[in-house]
Protein chains: 2
Amino acid sequence: MPDAAPVAEPTPSFSPLYQQIKGLLVRSLETGEWKPGDAIPSEMELAARFKVSQGTVRKAIDELATENLLIRRQGKGTFVATHAEERVQYRFLRLRPDDGGAGSLQRRLLDCRRMRAPLDVARSLELKSGETAVQLRRLLLADGRPVVLDDIWLPGTPFKGLSIERLQGWRGPMYRLFETEFGVRMIRAEEKIRAVGAAEEEAEALAVPLGAPLLSVERLSFTYGDRPVELRRGLYNTSSHHYRNELS
Amino acid sequence: MPDAAPVAEPTPSFSPLYQQIKGLLVRSLETGEWKPGDAIPSEMELAARFKVSQGTVRKAIDELATENLLIRRQGKGTFVATHAEERVQYRFLRLRPDDGGAGSLQRRLLDCRRMRAPLDVARSLELKSGETAVQLRRLLLADGRPVVLDDIWLPGTPFKGLSIERLQGWRGPMYRLFETEFGVRMIRAEEKIRAVGAAEEEAEALAVPLGAPLLSVERLSFTYGDRPVELRRGLYNTSSHHYRNELS
DNA sequence: GAGTGGTCTAGACCACGGC
DNA sequence: CCGTGGTCTAGACCACTCG
């Protein structure tokens, strides 16, 4: 089985079969052969299709499952991961109430506009200068009190039909909307966190005093192929919530 | 092969062989049969010892490797993970300079004392009321400027001989000292992050104005068996650094 | 009972590191 | 050269889900 992947890696000069299979599977995910929520073919079928043993397919799927691209369900099959059925909504949101409660959040959309991407946004999203972007502004509230102020930037091209009406009519995670309506699936993200003092506008929106300490969370989200597709700048009021992280 | 592990789990009623092997390996790590930095026996040897196939041992080791308890090195063997040879020191510290530089940090130990554990500390470290704890206070500096103020709490019993002299004479990661001198190995940790305003003492130590926004990072670290063994309260000045996190 | 993923085995061969 | 971990295979059997 010669290298099926067209990419010419610089150093490795050797690619395990299961890595090549993994690449083929990712390609099928990218092209939408299997959509979020779908079951992919069984291990046996894939083994036959790729002319390898079931164990090799298994190892490829194993890695994609630990990367959260696929979900295994014993007795049922292997499924394309989705932001739909998340446990408590907001898969990437690490904010938790200080009392361990579930703490569901309400959303309030403040703004949605299209414009030429500012320079820093264009750089983060790898847009050419002059390309348009969509800016969303929204509030998350816990028990009616504002907790998160989000400033969300999306590349204009894939998110062509995004409008305030479309967003307001939507129930469920925003990332689920992106999947189903725009074919953009968020895979992973990087966050840069700092402490800042609330500026005037922010203080008003979050109902805190001017200069109150807030958590600034800048999130850059990526889709298949490590392409950045969302820049999100959040301000979190951490007086009764905290950002939770696990290290290992 | 009947269940070798004496534990009677509540629900599962079925434990894969490789999980039992994994348990035995962890036990050997706990008891110190293999110490941090050591090579453990080869897969073949372990397979013979446990009377299972090499593939079963392999799967057990695989999981321990992804949990960062073991480190595989092709051609050499499998080693017990250690905080010694960390890439840039500070394996658990997520703080990064805003310019991508390496940014090594200097340490300055401010205080080291033994006392009865305060109530909240005792609760976090699961100490009985009245038990003693060790408190460390230290500063981390980048380019001579203070960036992190840490307040570290350790249970008194395992850390009997810990003194300011012992700490000051130590080169290398603090967690490495804990491993070699006190037999306490940090496996994983949980952090709670918030934004706070600098109090008087803190502002002075970090050379920031009173009330300046700081990142408050409360870290609880665990050793084998999920036993908490360190509570660390850090204040980070994020004016030229940020806390970096990866989501997936 | 049929089909799925999950476990376990045994054996062959490959890539890497060090003697 | 040998020993280590890494890959790949083929086949058996187990556990879970669903009709």
Side-chain angles (χ1 to χ4, degrees), chain A residues 1-5 9-25 28 34 37-81 85, chain B residues 1-5 9-25 28 34 37-81 85:
Chain A
M1 200 94 314
D3 58 318
E9 290 293 352
T11 332
S13 79
F14 162 71
S15 176
L17 233 193
Y18 76 90
Q19 288 286 4
Q20 302 176 36
I21 303 298
K22 196 176 153 188
L24 294 175
L25 294 177
S28 289
W34 313 310
D38 286 359
I40 72 172
S42 75
E43 297 180 350
M44 282 307 214
E45 285 180 78
L46 290 171
R49 177 200 294 199
F50 298 132
K51 305 268 198 23
V52 299
S53 81
Q54 189 210 11
T56 302
V57 171
R58 167 166 284 269
K59 184 147 188 181
I61 292 179
D62 275 346
E63 291 205 355
L64 292 174
T66 66
E67 289 169 25
N68 295 116
L69 295 199
L70 297 177
I71 299 177
R72 292 174 164 293
R73 278 200 261 267
Q74 181 170 159
K76 300 180 72 173
T78 301
F79 298 78
V80 182
E85 49 198 310
Chain B
M1 204 92 315
D3 57 318
E9 290 292 352
T11 332
S13 78
F14 162 72
S15 176
L17 233 193
Y18 77 90
Q19 287 286 2
Q20 302 175 35
I21 303 297
K22 195 177 155 188
L24 295 175
L25 294 176
S28 289
W34 312 311
D38 287 359
I40 73 172
S42 76
E43 297 179 350
M44 283 306 215
E45 285 180 79
L46 290 171
R49 179 201 293 198
F50 298 132
K51 305 267 201 18
V52 299
S53 81
Q54 190 211 10
T56 302
V57 171
R58 167 166 283 268
K59 183 147 189 183
I61 292 179
D62 274 346
E63 291 205 354
L64 292 174
T66 65
E67 289 169 25
N68 294 117
L69 295 199
L70 297 177
I71 298 177
R72 291 174 164 293
R73 278 201 260 265
Q74 180 170 156
K76 300 178 72 174
T78 301
F79 299 78
V80 182
E85 51 198 309

Peer 1: How far does OG of Ser53(B) sit from NZ of Lys59(B), to the nearest 0.5 angstrom?
Peer 2: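 Going from the OG atom of Ser53(B) to the NZ atom of Lys59(B) covers 11.5 Å.
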Peer 1: Start with the C-alpha distance between Trp34(B) and Leu25(B), add both sets of side-chain angles, then the distance that settles side-chain contact (heavy atoms from CB on, under 4.5 Å), and finish with yes or no.
Peer 2: CA-CA 10 Å; Trp34(B) 312 311; Leu25(B) 294 176; 3.8 Å; yes
Peer 1: Say you draw a straight line from OG1 of Thr56(A) to NZ of Lys51(A); how long is it, rounded to the nearest 0.5 Å?
Peer 2: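 The NZ atom of Lys51(A) is 14.5 Å from OG1 of Thr56(A), to the nearest 0.5 Å.
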Peer 1: Just how far, in rounded Å, is C1' of dG5(C) from CG of Leu46(A)?
Peer 2: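 These atoms are roughly 12 Å apart.
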Peer 1: Would you say Thr78(A) reaches dG5(C)'s phosphate, i.e. side-chain N/O to OP1/OP2 under 4.0 Å?
Peer 2: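 For dG5(C), OP1/OP2 do have a side-chain N/O of Thr78(A) under 4.0 Å.
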Peer 1: If every non-hydrogen atom of Ser15(A) is compared with every non-hydrogen atom of Gln20(A), which pair is closest and at what distance?
Peer 2: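 Closest approach of Ser15(A) to Gln20(A): O-NE2, 2.9 Å.
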Peer 1: In whole Å, I'd like the distance from the CD atom of Gln20(A) to the C1' atom of dC8(D).
Peer 2: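 For the pair Gln20(A) CD and dC8(D) C1', the rounded distance is 12 Å.
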Peer 1: Determine the minimum heavy-atom distance between Lys22(A) and Ala60(A), stating which atoms define it.
Peer 2: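 Scanning both residues, the minimum pair turns out to be N-CB, 3.9 Å.
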Peer 1: For dG6(D) and Arg58(B) - does any side-chain N or O of the residue sit under 4.0 Å from the phosphate oxygens OP1/OP2?
Peer 2: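 So the side-chain polar atoms of Arg58(B) do come within 4.0 Å of the phosphate oxygens OP1 or OP2 of dG6(D), strictly under.
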Peer 1: Nearest of dT7(D), dT9(C), dC8(C) to any side-chain atom of Tyr18(B)?
Peer 2: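 Taking heavy atoms from C-beta onward, the closest nucleotide is dC8(C).
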Peer 1: Hey, is the side chain of Arg72(B) poking within less than 4.0 Å of OP1 or OP2 on dG6(D), counting only N and O atoms?
Peer 2: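 Checking dG6(D) against Arg72(B), a side-chain N or O does come within under 4.0 Å of OP1 or OP2.
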Peer 1: Could you tell me the separation between the CD1 atom of Ile21(A) and the P atom of dT9(D), rounded to a whole number of Å?
Peer 2: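 Going from Ile21(A) (CD1) to dT9(D) (P), I get 8 Å.
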Peer 1: Distance check needed: dC8(D) P versus Asp62(A) CG, whole Å only.
Peer 2: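 Whole-Å distance recorded here is 13 Å.
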Peer 1: So do the side chains of Glu63(A) and Leu69(A) get within less than 4.5 Å of each other, counting heavy atoms only?
Peer 2: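 Not touching, per the 4.5 Å side-chain cut-off.
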Peer 1: Show me the protein contacts with nucleotides 17-19 of chain C, counting only N or O atoms at under 3.5 Å.
Peer 2:
none

Peer 1: Enter the inter-axis angle for the ends of the helix from dG1(C)-dC18(D) to dG18(C)-dC1(D) (five pairs per end, rounded to 10°).
Peer 2: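 Computed angle between terminal axes is 10°.
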Peer 1: Nearest whole angstrom, please: distance from the P of dT9(C) to the CE of Met44(B).
Peer 2: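 After rounding, the gap between these two atoms is 13 Å.
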Peer 1: Using a cut-off of strictly less than 4.0 Å, decide whether Ser42(A) has a side-chain nitrogen or oxygen near OP1 or OP2 of dG3(C).
Peer 2: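 Looking at the OP1 and OP2 atoms of dG3(C), neither is under 4.0 Å from any side-chain N or O of Ser42(A).
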Peer 1: Does any N or O in the side chain of Glu43(B) come within less than 3.5 Å of the main-chain N or O of Val57(B), such that one atom is a donor and the other an acceptor?
Peer 2: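 Checked: no pair found.
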Peer 1: In whole angstrom, give the distance that lies between atom CG of Leu70(A) and atom P of dG5(C).
Peer 2: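 Rounded to the whole Å, the gap is 11 Å.
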Peer 1: Let's see if you can work this out: which of dC8(D), dG5(D), dA10(C) has an atom nearest to the side-chain heavy atoms of Ser53(B)?
Peer 2: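 Closest nucleotide among those given: dA10(C).
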Peer 1: Is any side-chain heavy atom of Leu46(A) closer than 4.5 Å to a side-chain heavy atom of Ile21(A)?
Peer 2: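 The answer is no, as the side chains (C-beta and beyond) never meet within the 4.5 Å cut-off.
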Peer 1: Does the side-chain contact (heavy atoms from CB on, under 4.5 Å) test come out yes or no for Asp62(A) and Arg72(A), once each step is laid out?
Peer 2: CA-CA 9 Å; Asp62(A) 275 346; Arg72(A) 292 174 164 293; 3.1 Å; yes
Peer 1: What's the spacing between Glu45(B) CD and Gln54(B) CD if we round to 0.5 Å?
Peer 2: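 Glu45(B) atom CD to Gln54(B) atom CD measures 12.0 Å (nearest 0.5 Å).
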Peer 1: Between dG6(D), dC8(D), dT7(C), spot the one nearest the side chain of Glu43(B), thanks.
Peer 2: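 In terms of side-chain proximity for Glu43(B), the closest of dG6(D), dC8(D), dT7(C) is dG6(D).
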Peer 1: Rounding to an integer number of Å, can you tell me how far Lys51(B) NZ sits from dA10(C) P?
Peer 2: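 Distance, rounded to whole Å: 13 Å.
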Peer 1: Using whole Å, report how far CD of Gln54(B) lies from P of dG5(D).
Peer 2: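 Interatomic distance, CD of Gln54(B) to P of dG5(D): 8 Å.
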Peer 1: Between Lys59(B) and dT7(C), is there a contact of a side-chain N or O with OP1 or OP2 at under 4.0 Å?
Peer 2: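 Answer is yes, contact under 4.0 Å.
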